[in-house]
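Note that the structure is predicted; figures quoted are calculated from it, not measured. Numbering starts at 1 and runs along the sequence shown.
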Amino acid sequence: MKLAQILERIENARTGEAVKLIAVSKNVTTKEVLELLEQGQTSFGENRVQELKNKSEILSNLPIEWHFIGRLQSNKINHLLALKPALWQSCESVEAALAVDKRLVCELPCLLQINSAHEDSKQGISPEAAQDAFLQIAQECKFLKPIGVMSIGAHVDDEKVVKKSFETTRKIYENLQSKGAQICSMGMSGDFELAIKCGSNMIRLGSILYS
């Protein structure tokens, strides 16, 4: 689908603040990244450190903002930090935050990933523990800066359940705005319009951009 069509759907879904689109490039090549860049898309997300390294090095002379959105294994921390992503979207726990922070020498913004639907298949902190974890990271980390929250909508067909999972994350985000939260990242190709209606101000789209 053309980027302009996606942007129109985003605009039609939103009722308040602007929504930032992160183009997920995990299953495509630099060719597709360049095609989107030519249409004006400058923010991209990768869920594997090696893929982020490969693409960012090949396209290093271009004005691309890279986000890391996947599970960060402990043996990949140094590799990721060397790439200096604009945002680490998938900080899943206080422990992960502290492990990354002790290896940082410059500031790195991050989002706290919340498992808002309590699904065993997903990483992230429970909604009940999220606010305290965000504040602990902000207090104990020297270079890692939590600036918002991220979640993946419930993996079910029932839209009411998906909506509830987004609303859970949004409420936590609202409670943390006075503590520095600026980003509520939720919504992917199959549910981004619902996520925006529930208050997302950042969405992560993959397949729909390349279909």
Side-chain angles (χ1 to χ4, degrees), residues 9-10 13-24 26 43 45-48 67-73 85 87-100 108-139 141 144-208:
R9 287 175 63 178
I10 292 170
R14 78 182 183 93
T15 56
E17 61 192 307
V19 178
K20 182 167 182 172
L21 166 61
I22 309 302
V24 178
K26 66 178 183 178
S43 299
E46 277 290 339
N47 72 332
R48 292 177 57 227
H67 292 215
F68 185 69
I69 60 173
R71 185 184 294 269
L72 181 57
Q73 298 170 318
L87 181 62
W88 173 30
Q89 288 214 25
S90 46
C91 178
E92 62 182 88
S93 65
V94 173
E95 292 74 23
L98 294 173
V100 168
L108 173 63
C110 75
L111 304 182
L112 180 65
Q113 182 166 353
I114 301 169
N115 187 348
S116 57
H118 297 94
E119 293 174 316
D120 293 339
S121 60
K122 292 195 181 110
Q123 65 180 32
I125 198 157
S126 71
E128 296 77 17
Q131 291 183 52
D132 287 343
F134 185 97
L135 298 176
Q136 186 178 347
I137 292 168
Q139 183 175 8
C141 290
L144 190 67
K145 303 297 179 186
I147 61 167
V149 296
M150 181 270 260
S151 70
I152 298 170
H155 188 60
V156 294
D157 293 329
D158 189 338
E159 187 175 287
K160 290 180 182 177
V161 177
V162 180
K163 184 171 183 278
K164 183 180 178 183
S165 69
F166 287 145
E167 289 172 341
T168 296
T169 300
R170 175 68 193 192
K171 183 169 180 53
I172 294 167
Y173 165 69
E174 289 174 352
N175 291 339
L176 290 169
Q177 281 183 294
S178 63
K179 307 298 183 182
Q182 305 160 37
I183 295 173
C184 181
S185 174
M186 52 187 194
M188 302 193 299
S189 290
D191 57 20
F192 71 93
E193 286 157 310
L194 178 61
I196 292 169
K197 289 172 184 173
C198 292
S200 173
N201 59 19
M202 180 177 284
I203 56 174
R204 311 174 304 275
L205 304 187
S207 58
I208 196 171

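Note that SG of Cys198 and CD of Glu193 are 12.0 Å apart. Values are rounded to the nearest 0.5 Å. The distance from atom CG of Asn47 to atom CG of Leu72, rounded to the nearest 0.5 Å, is 11.5 Å. Remark: Ile69 CD1 to Ser185 OG distance equals 8.5 Å, nearest 0.5 Å. To the nearest 0.5 Å, atoms CG (Asp132) and CD (Gln139) are separated by 11.0 Å. In this structure, CZ in Arg9 is found 9.0 Å from CG in Leu205, a value given to the nearest 0.5 Å. We find the CD-CD distance between Glu92 and Gln123 to be 4.0 Å, quoted to the nearest 0.5 Å.
Applying the 6.0 Å contact sphere to CD of Glu128 captures more than 12 heavy atoms from other residues, nucleotides or ligands. Enclosure of atom NE2 in His155 is not indicated, since only 12 or fewer non-hydrogen atoms of other residues, nucleotides or ligands lie within 6.0 angstrom. Other residues, nucleotides and ligands contribute more than 12 heavy atoms inside 6.0 Å of the NZ atom of Lys145. At most 12 non-hydrogen atoms from other residues, nucleotides or ligands lie less than 6.0 angstrom from CG of Asp157. Heavy atoms from other residues, nucleotides or ligands lying under 6.0 Å from CD of Glu119 number more than 12.
What you find for Val19 and Ser200 is that their closest heavy atoms are CG2-O, 3.6 Å. Contact between Pro85 and Leu108 at its shortest, heavy atoms only, is O-CD1, 3.5 Å. Across Cys141 and Ala97, no two heavy atoms sit closer than the pair SG-O, 4.0 Å. For the pair Gly153 and Asp191, the tightest heavy-atom approach, listed with the atom from each and the gap, is CA-OD2, 4.2 Å. Taking every heavy atom of both residues into account, Asn201 and Ala18 meet most closely at CB-O, 3.6 Å.
In this structure, Cys91 and Ile125 have side chains that are not in contact, with every pair of non-hydrogen atoms separated by 4.5 Å or more. Considering only heavy atoms from C-beta on, Leu87 comes within 4.5 Å of Ile183 through its side chain. Taking the side chain as every heavy atom from C-beta outward, Trp88 and Leu144 approach each other to under 4.5 Å. Looking at heavy atoms from C-beta onward, His67 lies in side-chain contact with Met202 at the 4.5 angstrom threshold. Contact check for Val24 versus Met188: no side-chain heavy atoms found under the 4.5 Å cut-off. Between Lys197 and Phe166, the closest side-chain pair of non-hydrogen atoms is not below 4.5 Å. At least one side-chain heavy atom of Ile147 sits less than 4.5 Å from a side-chain heavy atom of Leu111. Looking only at side-chain heavy atoms (C-beta outward), Ile152 and Arg204 come within less than 4.5 Å of each other.
Under the salt bridge (Lys or Arg N to Asp or Glu O under 4.0 Å) test applied with Glu167, the options Lys163, Arg170, Lys164 reduce to a single match, Lys163.
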Legend entry - Worked verdict on Leu21 versus Ser43 for side chain to side chain contact (heavy atoms under 4.5 Å, CB included): CA-CA 7 Å; Leu21 166 61; Ser43 299; over 6 Å; no

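Between the side chain of Ser90 and the backbone N or O of Gly70 there is at least one donor-acceptor pair closer than 3.5 Å. Judged by distance alone, the side chain of Ser189 and the main-chain N or O of Ile208 form a donor-acceptor pair under 3.5 Å. Side-chain atoms of Ser165 come within 3.5 Å of backbone atoms of Ala154 as a donor-acceptor pair (strictly under, hydrogens ignored). Side-chain atoms of Gln136 do not come within 3.5 Å of backbone N or O of Val94 as any donor-acceptor pair.
The list of side-chain hydrogen bond (donor to acceptor under 3.5 Å, both in side chains) pairs with a residue in residues 175-184, not counting sequence neighbours, reads Tyr173-Gln177.
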